[in-house]
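As structure tokens, the structure follows; a few thoughts come after it.
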Amino acid sequence: MQPAYNSYSAYIRNAFGERVQKISINTGYSCPNRDGTKGLGGCTYCNINSIKPDYANAKKSVTEQLKEGIDFFSKKHTSLKYLAYFQSYTNTYSNNEELIRTYEEALSFPDVMGLVIGTRPDCISKEIIEYLHQISKTKYVSVELGIESTNDLTLQKINRCHTYAETIDAVELLAKNNLLVGGHLILGFPWESRSDLIAHAQKVSLLPLKFLKIHHLQILEHTQLAKEYKLNKEAFSFYDLQEYLLLIIEFLENLRPDIVVQRFISESPKALLLAPHWKGVKNYQFATLVEQKLKELNTWQGRLA
Ligand code: SF4
């Protein structure tokens with residue numbers, strides 16, 4: 001029987017035949033939306049400290065971070081392979097020579113099978129795309145883009161400093177170069193209606209995306225959104241867990257069936273989280289709820305796509 005949604009764990013099993021763990025690396029490259037090149041202050045929801053494990057520290061070399069990350073995970077699981085995950089900030093935001101040196105350092109580490117590079121749609125040069133294209137002939141290479149919304153008004157409101165048209169161009173260019181492209185979306189900005197959110201599924205289904213990571217909106221300390229929230233809580237409304245589950249079911253029904261869904265919810269540290277509070281539910285627990293609900297409703301990813 002076909003699974004009701006296209007999960008990342010099934011994708012990894014099929015692609016590698018074994019468990020593969022991503023090891024987060026912090027390059028400290030910062031981001032053009034923080035240093036004034038594109039914008040100042042960053043995206044309104046972004047607290048960069050929400051996604052860094054302890055070992056991912058830009059003061060350490062890529063090799064040291066990989067070693068510490070692999071030591072950490074090899075205590076939990078045996079016979080693992082790894083992907084170097086350039087996660088924090090914008091990991092194509094440096095000169096080409098430095099970027100290539102960094103990627104090569106990661107690729108030369110034993111048992112690292114490839115790269116996952118997180119970046120912005122407006123910050124990746126043709127030269128780096130060509131380099132990654134060459135690497136992808138022998139190694140796994142995926143590029144994750146912050147899409148966040150398909151709605152330009154939202155992109156403006158959250159200070160992304162790029163448009164959805166730039167996302168479309170970047171995804172198409174990367175895919176044309178045989179790179180596996182992932183996208184991140186945030187669901188739940190208070191001014192986006194439910195039909196706006198379902199439209200995101202329909203619009204990203206038109207892109208040559210391989211992966212999608214869905215995040216529910218979380219208000220995190222030390223962000224512009226936190227300031228706005230503290231000033232006017234009434235302007236914000238949040239899905240509760242059950243409502244969000246039903247939203248995700250409808251979202252999946254409208255999503256192209258071959259897109260691999262890597263996550264459904266965010267998991268920011270409790271100490272930074274202002275709202276919403278879902279009792280610390282983890283993504284893998286939420287994924288189980290999604291599977292159960294799809295079964296109960298006899299529906300599946302792509303049913304309406
Ligand atoms: S979300 Fe990404 S692009 Fe936006 S401020 Fe944070 S690191 Fe920069």
Side-chain angles (χ1 to χ4, degrees), residues 22 24-53 56-59 62 65 84-95 98-99 102-103 115-125 128-129 142-171 174 181-190 192 200 204 209 211-229 262-263 265-269 272-274:
K22 284 188 207 157
S24 290
I25 294 169
N26 182 0
T27 55
Y29 288 154
S30 188
C31 150
N33 207 13
R34 288 175 170 266
D35 68 7
T37 303
K38 291 290 295 198
L40 280 170
C43 307
T44 62
Y45 56 86
C46 173
N47 179 331
I48 210 72
N49 293 319
S50 66
I51 53 171
K52 277 191 290 196
N57 181 332
K59 290 189 184 134
V62 168
Q65 293 180 59
Y85 183 21
F86 293 89
Q87 182 180 21
S88 305
Y89 295 111
T90 302
N91 293 288
T92 51
Y93 188 48
S94 187
N95 64 67
E98 167 65 13
L99 291 173
T102 305
Y103 303 149
L115 306 174
V116 180
I117 299 171
T119 189
R120 293 168 53 90
D122 59 351
C123 189
I124 181 160
S125 68
I128 287 299
I129 293 177
S142 164
V143 178
E144 287 187 2
L145 299 175
I147 299 174
E148 317 311 357
S149 175
T150 65
N151 179 334
D152 279 340
L153 187 66
T154 295
L155 295 174
Q156 256 178 36
K157 277 170 116 80
I158 62 176
N159 195 37
R160 280 293 297 179
C161 296
H162 67 77
T163 61
Y164 185 57
E166 286 173 283
T167 295
I168 296 174
D169 289 348
V171 176
L174 290 161
V181 193
H184 291 244
L185 270 182
I186 300 174
L187 302 186
F189 290 113
E192 289 196 341
H200 293 329
V204 299
L209 276 183
F211 306 114
L212 187 64
K213 282 186 179 170
I214 307 167
H215 306 261
H216 70 297
L217 178 66
Q218 294 191 313
I219 311 289
L220 301 180
E221 282 287 14
H222 315 301
T223 63
Q224 178 59 31
L225 217 48
K227 284 185 199 150
E228 293 167 20
Y229 175 68
Q262 288 188 294
R263 67 165 45 248
I265 62 169
S266 312
E267 287 179 38
S268 298
L272 295 177
L273 182 63
L274 290 176

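Residue numbers count from 1 along this sequence. Whatever order the structure lists them in is the order used to number ligands and atoms, beginning at 1.
- To the nearest 0.5 Å, the span separating CG on Leu99 from OG1 on Thr92 amounts to 6.5 Å.
- Partners of Tyr85 according to the ring pair (Phe, Tyr, Trp, His ring centres under 6.0 Å) rule, which considers only residues two or more places apart in sequence or in another chain, do not exist here.
- At a cut-off of 3.5 Å, with distance as the only test, a side-chain donor of Ser149 or Glu192 sits close to an acceptor on the other residue.
- For Arg160, the heavy-atom gap to ligand 1 drops under 4.0 angstrom.
- Within the sub-2.8 Å shell of atom 8 (Fe) of ligand 1, the protein contributes these N/O/S atoms: Cys31 SG.
- Looking only at atom types and distance, the side chain of Asp35 has a donor-acceptor partner in the side chain of Thr37 under 3.5 Å away.
- Between Leu187 atom CG and Ile265 atom CD1 the span is 12.0 Å, to the nearest 0.5 Å.
- In this pair, His184 and His215 present their aromatic rings parallel. The plane angle is below 30°, not in the 30 to 60° band.
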